[in-house]
Amino acid sequence: MSLSTELKALAQRKRAQQASRIPSEWRLASIPSFTNSNDIIHTCGILSPQEISITAITDAQVLRDKMVSKELSSLDVTTAFCKRAAVAQQLIGCCTEMFFERALERARQLDERLERTGKPAGPLHGIPVSIKDSFEIEGLDTTIGWLGLIDKPANTNAAGVDILLSLGAVLYVKSNIPQSLMMSDSYNHVFGQSVNALNPNLISGGSSGGEAALVGSHSSVLGIGTDIGGSIRIPANLQGVYGLMPSVGRVPYESSAKDQEYMVLPVAGPLASSLGSVELLMETLSEERVWDMHPRLLPVPWRKEMASIPQRKVKVGIVMDDGVVKPQPPISRAMRVVEDMLRKGGHEVVEWDPKPHIEGVHLWETAVKADGGRKCRNYCDLIGEPLIEGMVVGTPQDELTVVQRQELGLQKLEYEKAFLQRWRESGVDALIMPVMPWVAYPPKAWVKSKQWLGYTGLWNLLNYTSLAIPVTTVDPIVDKKENDGFLDGSPRNDSDTFNRDQYDPELVTGMPVGVQIITGRFGEEKAVGIAKLIESLPDSLTFACRHT
């Protein structure tokens, strides 16, 4: 359904307002054709050589230490990332709200404080942090992709925003998302399409797609996204960056506390170009006892020794194919790379039977659709906005009564108990599997897609930690369609058919491919440690998809 003339005018006004937030000297004279947004950012002349150098630092802790030692000022660092984000926005549509003046003023205040007291403002002193649009920031809209939420600025900050500020961070942009936050792409009527930082002909992923694109374009050294079915891990994987979905209760996010609204709780987590930046955020939140700042955060200290490379041989379960949708050849190759490296390193690798996963995925889908799409319909009704196709949104037939929700809750609990017993008896330290069965696809392909989120959604249902890491890139010569018998036999179902049909190795040449590491409930430290282990192994290709 197309937008009415009035709604189009409303969207155009909001976009014009957004564009006006970019200073004239930071604007591109025209948008050239490009393959990788970083190429234009580096050659457009808007960033100085020093600013390019600053934004090339991918470890947030390194950046913080340079500011604390006064080698760099917070103002210099914030200016560099604001400028880079402004250019990236013009190229790939990664932002929603941009509040550069506010960020620069905060940076000046941090510099003045450091000069006056000799002490940093906190463990995240001066670090520019981008944040997904779903977090409220006082005085700014939180449209979350809905036209009816334009011109309704937040009265207060979300708890997560206040906590980040109290730790010394500088917030400067919010990032683009899909209309309902329930899509593996980031498109909405308000701000339009966010595309991939490494190839504008491909999606950035969703629902934290704008966030991953900011990190992928090195316009953010540390981003905060959210995940209810893959929304951190999928876009992180598409941009070749790290994305951590923690267990609920370790990272502040208001929606994680709404246990009467969600049957599967959404969770916030970091996206970054370096594993060190992910670890810095998680360790900082624990060391600063953020559970004293919000009643739903759990008092779980950061277990630093578990986040180190294991000093023993680990046991890893491998899922090459979940039996529902067969991964495309580049993904299968990435999995084999990781499996081979672990075996050569002397670690125990066992096949993990994914058949029991299917039941859990169906429970997840029933749970996330339990409101029957009521919330989305309410947002549509605010202003008569049509619902965008292709999202994982319930219909009235999916709505559960209170009794049905209780019954589903019991089924979910029994499944969790059975899965936990299986995990314990298996003795695995982690599972490694694809993030999704596809590499990437063009914008709007999701409208006709039959998405299968079984590789990601199960871990939200179970509240298990999952960390997406980059491994390699697509090579069309190596990744021939016949690899692994990808096209052998009949498709298994509509989702498998779609996954076959849209695979185009030439289109996705050079694009990143990664895997996810699942480490159980509150396994954040173990996930980081096993990622470090993989990257330390001989012949590791984990940084093969790095982009500059």
Side-chain angles (χ1 to χ4, degrees), residues 38 53-68 72 74 77-78 80-81 84-85 88 94 120 122-132 160 163-165 167-173 175 197 208 210-227 232-233 235-237 239-246 250-252 268-288 290 302 304 307-309 465-470 512 514 516-517 524-525 527-532 534-535 542-543 545-548:
N38 292 289
S53 177
I54 288 171
T55 53
I57 298 172
T58 59
D59 193 312
Q61 185 164 333
V62 171
L63 204 55
R64 180 201 64 188
D65 291 347
K66 288 181 179 292
M67 287 183 281
V68 171
L72 293 172
S74 177
V77 170
T78 299
F81 279 95
R84 190 156 186 143
C94 48
L124 301 182
H125 177 92
I127 296 175
V129 176
S130 55
I131 196 163
K132 192 173 180 176
I163 288 172
L164 286 168
L165 293 174
L167 299 175
V170 177
L171 304 185
Y172 60 114
V173 292
S175 55
S208 305
E211 199 58 50
L214 277 163
V215 177
S217 64
H218 292 286
S219 303
S220 173
V221 71
L222 178 60
I224 309 295
T226 67
D227 196 312
I232 287 173
R233 293 158 287 161
N237 198 49
Q239 254 91 185
V241 304
Y242 297 86
L244 175 67
M245 183 195 76
R250 295 200 81 168
V251 176
L271 298 94
S273 291
S274 76
L275 194 55
S277 297
V278 169
E279 187 173 6
L280 174 65
L281 178 74
M282 298 304 297
E283 185 173 2
T284 295
L285 291 174
S286 291
E287 287 184 346
E288 295 300 309
V290 294
W302 185 253
K304 197 173 183 67
S308 302
I309 296 176
T465 297
S466 177
L467 172 64
I469 66 169
Q516 61 178 329
I517 303 167
E524 292 78 17
E525 295 92 340
V528 170
I530 290 178
K532 290 178 180 177
I534 291 171
E535 294 180 0
T542 309
F543 291 101
C545 57
R546 272 300 155 264
H547 37 275
T548 58

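- Distance alone, capped at 3.5 Å, is enough to place a donor-acceptor pair between the Ser277 side chain and the Ala60 backbone.
- A 4.5 Å side-chain heavy-atom check between Ile232 and Leu244 finds every atom pair outside the cut-off.
- Proximity of Pro270 to Tyr242: side-chain heavy atoms (C-beta onward) are nowhere separated by under 4.5 Å.
- In terms of modelled atom types and a separation under 3.5 Å, the side chain of Arg64 and the main chain of Ile127 share no donor-acceptor contact.
- Looking at Arg250 and Leu285, their side chains never come closer than 4.5 Å, going by heavy atoms from C-beta outward.
- Scanning all heavy atoms of the two residues, the minimum distance from Gly126 to Val77 falls at O-CG1, 4.3 Å.
- No option in Val278, Val241, Asp59 other than Val241 meets the side chain to side chain contact (heavy atoms under 4.5 Å, CB included) test with Ser273.
- Panel note: side chain Glu288, backbone Thr284; no donor-acceptor pair is recorded below 3.5 Å.
- Within the 4.5 Å cutoff, the side chain of Ser208 has heavy atoms near those of the Pro235 side chain.
- Judged purely by atom type and a 3.5 angstrom limit, Ser219 uses its side chain to pair as donor or acceptor with the backbone of Arg84.
- Listed for the Thr55 side chain is no donor-acceptor partner under 3.5 Å among the backbone atoms of Phe81.
- Rounded to the nearest 0.5 angstrom, Leu72 CG and Leu63 CG are separated by 6.5 Å.
- In this structure, CG on Leu124 lies 7.0 Å from CG on Leu164, to the nearest 0.5 angstrom.
- Residue Leu214 comes nearest to Ser175 through the heavy atom pair CD1-CB, 3.8 Å, listed as atom of the first residue, atom of the second, then distance.
- For the atom pair CD of Gln516 and CZ of Arg233, the computed distance is 5.5 Å after rounding to the nearest 0.5 Å.
- Residues Val221 and Ile57 are not in side-chain contact: their nearest non-hydrogen atoms beyond the backbone lie 4.5 Å or more apart.
- Side-chain contact between Glu211 and Ile224 is absent, with no heavy-atom pair separated by less than 4.5 Å.
- Looking at every heavy atom in both residues, Ala236 comes nearest to Leu271 through CB-CD2, 3.9 Å.
- In this structure, Glu283 CD and Glu525 CD are separated by 9.5 Å, a value rounded to the nearest 0.5 Å.
- Residues meeting the side chain to side chain donor-acceptor pair (under 3.5 Å) test with Thr78, sequence neighbours left out: none.
- Looking at Gln239, its side chain does come within 3.5 Å of a backbone N or O of Ala197 through a donor-acceptor pair.
- Of all the heavy atoms in Asn38 and Gly216, the pair that sits closest is ND2-O, 3.3 Å.
- Rounded to the nearest 0.5 angstrom, Ile309 CD1 and Ile530 CD1 are separated by 11.5 Å.
- For Pro246 against Gly269, the heavy-atom pair with the smallest separation is CD-CA, 3.9 Å.
- Heavy atoms only, all atoms of each residue included: Ser130 and Tyr172 are closest at N-CE2, 3.7 Å.
- From Ile517, atom CD1 reaches atom OG of Ser466 across 8.5 Å, with rounding to the nearest 0.5 Å.
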